Amino acid sequence: MQVGKLVERWRGAGMKVGFVPTMGALHQGHLSLVSLALGEADRVIVSIFVNPSQFDRGEDLSSYPSNFDEDLKKLDEAGAHCVFFPSVDEIYPEGFSTSIHVSGLTDTLCGRFRSGHFDGVATVCAILLSIVRPDIALFGRKDAQQLAVIRRMVDDLRLGVEIHAGDIVREPDGLAMSSRNSCLDPEERKQASVINSGLSRAAELVLEGERDAERICSAVREVIDKASLATLQYLELVDPDSMKPLSKLTTPALLAVAVYFGHTRLIDNLILEP
Ligand code: PAF
């Protein structure tokens with residue numbers, strides 16, 4: 001049965017439908033979104049679609065981890081009711097020519113380095129939401145800029161779906177869970193916990209009364225620089241709604257970071273409260 005028809009049937013029977021879009025290679029972060037969805041909806045659909053239009057470099061797409069059989073097993077155990085795994089042709093049929101650009105929010109952080117990435121994300125999310133037509137859709141806070149872009153796009157296009165966010169899930173050493181963690185070699189993986197140590201250092205400084213963005217960022221940089229395999233791509237304190245850079249911490253702010261370990265790019269963030 002087509003996923004749209006199934007959702008129509010569920011909603012016709014008075015059920016609330018939750019949707020978790022993913023690109024597969026599922027980890028505890030995705031599964032926590034499924035469990036959040038199960039708490040808020042009667043039926044939960046998870047999509048697995050590695051979206052080519054959000055990758056800016058060919059090799060990044062081809063090396064994106066995938067483990068479809070394991071994913072299905074995990075989703076079954078987690079209690080998801082339906083897995084939607086469309087083909088590229090189903091999402092982008094011949095002649096497809098539309099792209100959604102959310103301006104402003106995409107000028108900073110990842111948007112500065114991944115040209116076209118958020119257009120790809122916004123476009124595929126709009127398509128997935130139009131096909132599935134859920135009541136709520138859930139996204140992780142690790143991709144804070146993505147979450148802001150999707151919220152904006154859903155509001156602007158009046159898509160009529162509630163967007164809910166799930167907290168970042170971390171490994172025991174603090175590394176934020178990500179499908180890309182499996183691409184790290186053992187030494188890179190060991191050193192990658194430095195990202196969370198850096199963010200924790202920022203939280204400590206704020207508790208001690210530091211409010212200056214540059215001083216906070218330079219302390220975090222110092223921690224991350226201790227990892228010989230880390231290459232910092234960006235570290236910025238921004239407004240969590242507009243994603244605009246801040247020079248002082250006067251209201252809750254998002255400290256967001258992207259770090260390369262070898263070819264693997266990891267992102268993480270923390271909300272700092274003054
Ligand atoms: O966060 C992801 O996994 C992807 O960006 C998403 C939201 C599934 C769109 O392809």
Side-chain angles (χ1 to χ4, degrees), residues 3 18-34 36-37 44-57 60-68 70-71 74-75 78 80 82-92 96 98-102 105-106 109-111 113-134 136-154 157 159 161-169 176-183 243 256 258 264-269:
V3 69
F19 175 46
V20 181
T22 81
M23 298 207 297
L26 302 181
H27 51 70
Q28 212 43 51
H30 296 111
L31 300 178
S32 75
L33 291 178
V34 173
L36 198 62
V44 172
I45 298 187
V46 179
S47 65
I48 298 179
F49 179 66
V50 182
N51 174 34
S53 75
Q54 70 186 75
F55 288 84
D56 42 3
R57 293 171 306 146
D60 197 11
L61 170 61
S62 62
S63 62
Y64 196 80
S66 99
N67 203 340
F68 189 66
E70 267 295 303
D71 288 349
K74 287 179 184 167
L75 290 174
C82 168
V83 182
F84 174 46
F85 47 98
S87 64
V88 173
D89 286 346
E90 198 173 343
I91 299 296
Y92 301 113
F96 186 93
T98 299
S99 174
I100 298 176
H101 177 69
V102 177
L105 285 177
T106 53
L109 310 180
C110 296
F113 297 95
R114 304 191 69 193
S115 125
H117 167 70
F118 287 117
D119 295 1
V121 170
T123 306
V124 80
C125 286
I127 299 167
L128 291 170
L129 291 171
S130 310
I131 295 175
V132 176
R133 298 192 180 277
I136 62 174
L138 299 95
F139 297 85
R141 288 197 169 92
K142 182 172 75 70
D143 298 290
Q145 191 174 20
Q146 165 173 286
L147 180 63
V149 166
I150 290 166
R151 282 193 199 281
R152 183 79 260 160
M153 183 269 295
V154 162
L157 300 182
L159 293 187
V161 54
E162 272 175 45
I163 302 299
H164 293 202
D167 286 339
I168 299 177
V169 181
M177 289 205 183
S178 162
S179 305
R180 293 173 199 263
N181 292 354
S182 65
C183 303
M243 299 286 142
T264 308
R265 182 177 177 277
L266 302 177
I267 58 170
D268 201 348
N269 67 73

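Because the structure is a prediction, the values reported are computed rather than measured. Just so you know, ligand 1 is whichever comes first in the structure, and atom 1 is the first atom listed for that ligand.
A donor-acceptor pair under 3.5 Å is formed between the side chain of Asn269 and the backbone N or O of Arg141.
Between Asn51 and Ser53, the side chains place a donor N or O and an acceptor N or O closer than 3.5 Å (distance only, hydrogens not considered). Side-chain contact check for Glu162 and His164: at least one donor-acceptor pair (N or O, by modelled atom type) lies under 3.5 Å.
Taking a 6.0 Å sphere around CZ of Phe85, one finds it holds 12 or fewer heavy atoms contributed by other residues, nucleotides or ligands.
Checking only distances, Gln146 does come within under 3.5 Å of ligand 1, N or O to N or O.
Taking every non-hydrogen atom of Gln54 and a distance limit under 4.0 Å, the qualifying atoms of ligand 1 come out as 4 (C), 5 (O), 9 (C), 10 (O). In the vicinity of Val124, heavy-atom distances shorter than 4.0 Å reach the ligand 1 atoms 9 (C), 10 (O).
Counting heavy atoms from C-beta outward, Phe49 and Val124 have side chains that approach closer than 4.5 Å.
Protein heavy atom at the shortest distance from atom 3 (O) of ligand 1 is Met23 CG, 3.6 Å.
At a heavy-atom distance under 4.0 Å, no atom of Leu128 approaches ligand 1.
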